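All remarks here apply to the structure that follows.
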Amino acid sequence: MELWYSEKHSDDLKLSMRIKESLHTEKTPFQELAVLDTVPYGRMLVLDGLVMTTEKDEFIYHEMITHVPLCAHPCPEKVLIIGGGDGGTVREVLKHDTVQQVVLVEIDERVIEAARRFLPAISCALADDRVSIRVEDGICFVREHVNEFDVVIVDSTDPIGPAEGLFNREFYQNVFHTLRAGGLMVAQSESPFMNAEFIRRMRGDVGSVFPICKLYMAHIPTYPSGAWCFICGSKEVDPEEGRTERLQGQMVKYYTPALQKAAFQLPAFVVEIMKK
Ligand code: SPD
């Protein structure tokens, strides 16, 4: 018998993949969590029916949400990750020698536990001494921590369910205040092909708080349409200008020094979405 998993992208479109085995399912206090072993993408974490990460393509998302903002900062020492309980972003942040402390604020402890148990290659850095894990709501955390971080990475689920409050002006205002002078933030920001209106609104919200607001893209095969965006809000540094030599000697599979700038070169329809 063949087993298939489908993520519904619209009423008329689904992404389906063949499943070897369902490794784990549970209802956490926040969401439905599943870890499936898929034929094309290896093990996959699914939250509320949406693909969060897979063993085969996770490097693209985690490298691009991390290395672009960290290379843009002159000397990132203290980094805040909101969401990201699977640990992939933590693993990438720790590839930067300047980083002394990473605070991971994940609302759902069960995501961290599932990643530790089923996705060891992604969660491997969660035990590092430089990492503090706080199981709490990122919205409250940024309200209560002022002038503490050099880089904030919002590695959230999609803007429905527990992550909804991570996509509005008030939240970005609090992220601005939690950043030190010269700091910057990046947030995953969906597909320009599927969510143009959402991205336009987010660009308006981030741009009304940060003096510099730019969008960059990466191709992520298991996310809706594959075309994926990241929006960067910066207090003063231009995120396109990276100190990319910092990553020399580190294992990266997608990010390159040339991509620091190239990822900000946008297709015409995305330029249109980003117009004020
Ligand atoms: N449509 C899926 C968007 C998910 C973005 N966050 C993934 C978290 C991986 N660390």
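Atoms within a ligand are numbered from 1 in the order they appear, just like the ligands themselves. In this text, all values refer to a predicted model and were calculated from it rather than measured experimentally.
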What are the polar N/O contacts of ligand 1 with the protein below 3.5 Å, with distances?
from, atom 1, to, atom 2, distance (Å)
ligand 1, 1 (N), Asp158, OD1, 2.8
ligand 1, 1 (N), Asp158, OD2, 3.1
ligand 1, 6 (N), Tyr61, OH, 3.1
ligand 1, 6 (N), Ser156, O, 2.7
ligand 1, 10 (N), His62, NE2, 2.8
ligand 1, 10 (N), Asp86, OD1, 3.3
ligand 1, 10 (N), Asp86, OD2, 2.5
ligand 1, 10 (N), Asp155, OD1, 3.2
ligand 1, 10 (N), Asp155, OD2, 3.0

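In this structure Cys71 satisfies the side chain to side chain contact (heavy atoms under 4.5 Å, CB included) test together with His96, Leu247, Tyr255, Gln260, sequence neighbours excluded. Partners of Ile212 under the side chain to side chain contact (heavy atoms under 4.5 Å, CB included) rule, at least two apart in sequence or in another chain, are Lys214, Ser234, Pro239.
Between Glu58 and Arg91 a salt bridge is recorded (basic side-chain N to carboxylate O distance below 4.0 Å). Salt-bridge formation is not detected for the pair Glu106/Arg134: no Lys NZ or Arg NE/NH1/NH2 atom is positioned less than 4.0 Å from an Asp or Glu carboxylate oxygen. The pair Lys78-Glu148 counts as a salt bridge, with a side-chain nitrogen and a carboxylate oxygen less than 4.0 angstrom apart.
Judged as a salt bridge (charged side-chain N to carboxylate O under 4.0 Å, His left out), the pairs with a partner in residues 110-131 (not counting sequence neighbours) are, in order, Glu26-Arg110, Glu113-Arg116, Asp128-Arg130.
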